[in-house]
S.K.: 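Can you read through this structure? Questions will come right after.
Computation of the quantities below employed the complete heavy-atom set of this structure, encompassing side-chain atoms and omitting hydrogens, waters and symmetry-equivalent molecules.
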Amino acid sequence: MFNTKHILGAALTATLLSITPVQAEEVIKLATTTSTENSGLLKELLPTFEAQSGYKVQVIATGTGKALALGRQGDVDLVMTHAPAAEAKFVEEGYGSEPRGIMENDFVVLGPKNDPAKIKGSASAEEAFGKIAAAGVPFISRGDDSGTHKKELKIWQAANVKPEFKGYTSVGQGMGKTLLMTNELQGYTLTDRGTYIAYKGKLDLDVDFEGGATLANPYQVILINSAKYPNLNHKGAKALSDWLISAEGQKMINDFKVQGEQLFKATYRQ
């Protein structure tokens, strides 16, 4: 004769065995940049994907360098970043697969409205940076190995300027906090346009320089190599990547606006 306690225990064990794998599979870990989080884009996109797919997306918002490091360690299921050279190396080294360009915006140089370094009208981003260094005025760098920080360092290098001049401050913060600090100090900084628009109402700064191929800012979504880390949620990661390049996902990216301004342009091409 079966013991009631034994039956209940067996039933509970069977239930846990049947539920646990499903629950684990429902979570997708996405490492991405602070710009996609701070701009509000992910809050616009992910609820629709989650409602349609049944997955839940856990977002780890950090700099591109740290996001790719999480991917290298097998701590996330996919990454969404904006540093083409670092992303190409990530794939070449065998950590990432199926890189897809999903959207773009551009970088801009923000600064005080009176533009003390006189960078407005510069011929290039390199010339604008050179004027800021020569003037010795405040420049606030994210300093966090993010895609924006990597772009900033490339511009300094191209301008043949070491970012060690009086006024240069590296803060090791995400884009939102860096913008607020720049505003407080009335300095200059490099930012993606999307986060700038999202924070525009809190800032007393102008776009003092913009334009040119140097300031292009493409974003990619990249899966983690299933051969290297077979235990990750590859099925969920692929579902999210596929949704982001779908007609619906691309339209939602184009339609996302803050204060009436479009923040990102969908760019996926087969």
Side-chain angles (χ1 to χ4, degrees), residues 33-36 38-39 62-69 81-90 104-200 202-220:
T33 72
T34 60
S35 57
T36 55
N38 290 164
S39 66
T62 182
T64 286
K66 291 180 181 177
L68 294 177
T81 50
H82 64 141
E87 291 156 5
K89 184 179 180 184
F90 181 73
E104 67 179 10
N105 60 14
D106 62 347
F107 292 104
V108 297
V109 183
L110 296 186
K113 292 181 176 178
N114 63 351
D115 187 21
K118 308 301 180 189
I119 69 170
K120 291 180 179 176
S122 296
S124 66
E126 292 84 352
E127 182 180 317
F129 271 38
K131 290 179 179 178
I132 292 170
V137 293
F139 184 99
I140 312 303
S141 167
R142 285 182 58 168
D144 62 349
D145 197 32
S146 62
T148 305
H149 184 216
K150 290 176 185 293
K151 172 65 74 174
E152 178 212 312
L153 294 180
K154 282 190 175 181
I155 298 172
W156 288 125
Q157 185 177 28
N160 199 27
V161 174
K162 288 186 177 181
E164 299 171 352
F165 57 89
K166 178 185 175 183
Y168 185 87
T169 303
S170 179
V171 296
Q173 297 289 340
M175 197 71 258
K177 290 183 179 178
T178 300
L179 288 176
L180 296 176
M181 293 175 72
T182 303
N183 187 64
E184 182 71 21
L185 295 172
Q186 281 296 289
Y188 292 88
T189 195
L190 181 72
T191 178
D192 68 284
R193 189 183 294 271
T195 310
Y196 162 60
I197 293 173
Y199 275 70
K200 197 173 180 179
K202 304 176 183 177
L203 305 175
D204 185 28
L205 299 169
D206 267 354
V207 174
D208 283 348
F209 183 82
E210 62 184 324
T214 298
L215 297 184
N217 184 25
Y219 288 76
Q220 289 195 105

S.K.: Work out which heavy atom in Val161 is nearest to a heavy atom in Ala133; give both atom names and the distance.
M.R.: CG1-CB, 3.7 Å

S.K.: For Glu127, does the CD atom have more than 12 heavy-atom neighbours from other residues, nucleotides or ligands under 6.0 Å away?
M.R.: yes

S.K.: Roughly how far apart are Asp204 CG and Leu110 CG, rounded to 0.5 Å?
M.R.: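 One gets 11.5 Å once the value is rounded to the nearest 0.5 Å.
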
S.K.: Would you check if there is a donor-acceptor pair between the side chains of Lys150 and Thr64 at a distance under 3.5 Å?
M.R.: no

S.K.: Drop me the distance from Ile132's CD1 to Trp156's CH2, to the nearest 0.5 angstrom.
M.R.: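 Between atom CD1 of Ile132 and atom CH2 of Trp156 there are 5.5 Å.
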
S.K.: With distance as the sole test, does Glu87 use its side chain to make a donor-acceptor pair with the main-chain N or O of Ala83 at under 3.5 Å?
M.R.: yes

S.K.: Under a 4.5 Å cut-off applied to non-hydrogen side-chain atoms, are Asn183 and Lys202 in contact?
M.R.: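 No, every pair of side-chain atoms sits at 4.5 Å or beyond.
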
S.K.: So Lys89 and Leu68, do their side chains get closer than 4.5 Å, heavy atoms only?
M.R.: no

S.K.: Would you name the heavy atoms of Ala128 and Ser122 that are closest together and state the gap between them?
M.R.: CA-OG, 3.7 Å

S.K.: After noting the C-alpha distance and the side-chain angles of Thr148 and Met175, does the key distance pass the side chain to side chain contact (heavy atoms under 4.5 Å, CB included) rule?
M.R.: CA-CA 8 Å; Thr148 305; Met175 197 71 258; 4.1 Å; yes

S.K.: Does atom NZ of Lys166 have more than 12 heavy-atom neighbours, drawn from other residues, nucleotides or ligands, at distances under 6.0 Å?
M.R.: no

S.K.: Donor-acceptor pair, Lys151 side chain versus Thr214 backbone, under 3.5 Å?
M.R.: yes

S.K.: Go through Leu153 and His149 one step at a time and tell me if the side chain to side chain contact (heavy atoms under 4.5 Å, CB included) criterion holds.
M.R.: CA-CA 6 Å; Leu153 294 180; His149 184 216; 3.7 Å; yes

S.K.: Regarding Tyr188 and Asp115, do their side chains bring together a donor and an acceptor under 3.5 Å, going by distance alone?
M.R.: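 On atom types as modelled, these side chains qualify, holding a pair under 3.5 Å.
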
S.K.: Above 12 or not: heavy atoms from other molecules or residues under 6.0 Å from NZ of Lys120?
M.R.: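 More than 12 heavy atoms, drawn from other residues, nucleotides or ligands, come within 6.0 Å of this atom.
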
S.K.: How long is the straight-line distance from CG of Leu180 back to OH of Tyr199, given to the nearest 0.5 Å?
M.R.: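 Answer rounded to 0.5 Å: 6.0 Å.
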
S.K.: Donor-acceptor pair, distance only, cut-off 3.5 Å: does the side chain of Asp192 make one with the backbone of Ser35?
M.R.: no

S.K.: So, for Leu179 and Leu203, which heavy atoms are closest and what is the spacing to 0.1 Å?
M.R.: O-CD2, 3.7 Å

S.K.: Just wondering, do Pro112 and Asp208 contact through their side chains at under 4.5 Å, heavy atoms?
M.R.: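 In short, these two side chains touch, coming nearer than 4.5 Å.
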
S.K.: Drop me the distance from Lys177's NZ to Thr34's OG1, to the nearest 0.5 angstrom.
M.R.: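 Rounded to the nearest 0.5 Å, the NZ-OG1 separation comes to 10.5 Å.
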
S.K.: Take atom CG in Asn114; do more than 12 heavy atoms of anything else shown fall under 6.0 Å from it?
M.R.: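 It does: Asn114 CG has more than 12 such atoms within range.
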
S.K.: Step by step, would you call His82 with Phe107 a side chain to side chain contact (heavy atoms under 4.5 Å, CB included)?
M.R.: CA-CA 11 Å; His82 64 141; Phe107 292 104; 3.9 Å; yes

S.K.: In Å and rounded to the nearest 0.5 Å, what is the CD1 to OG1 distance from Ile140 to Thr191?
M.R.: 13.0 Å

S.K.: Output, in order, the C-alpha distance, side-chain angles, deciding distance and verdict of side chain to side chain contact (heavy atoms under 4.5 Å, CB included) for Val137 and Phe165.
M.R.: CA-CA 9 Å; Val137 293; Phe165 57 89; over 6 Å; no

S.K.: Within the distance-only criterion (no hydrogens, no angle test), does the side chain of Ser141 pair as donor or acceptor with the backbone N or O of Gly143 below 3.5 angstrom?
M.R.: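 A pair under 3.5 Å: yes.
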
S.K.: Between Thr178 and Gln173, which heavy-atom pair has the shortest distance, and what is it?
M.R.: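 Scanning both residues, the minimum pair turns out to be OG1-O, 3.5 Å.
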
S.K.: Can you tell me how far apart CZ (Arg193) and CG (Leu215) are? Round to the nearest 0.5 Å.
M.R.: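 Arg193 CZ to Leu215 CG: 9.5 Å, rounded to 0.5 Å.
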
S.K.: Is a side-chain N or O of Gln220 found less than 3.5 angstrom from the main chain of Thr81, in a donor-acceptor match?
M.R.: no

S.K.: Determine whether the aromatic ring centres of residues Phe129 and Phe139 are separated by less than 6.0 angstrom.
M.R.: yes

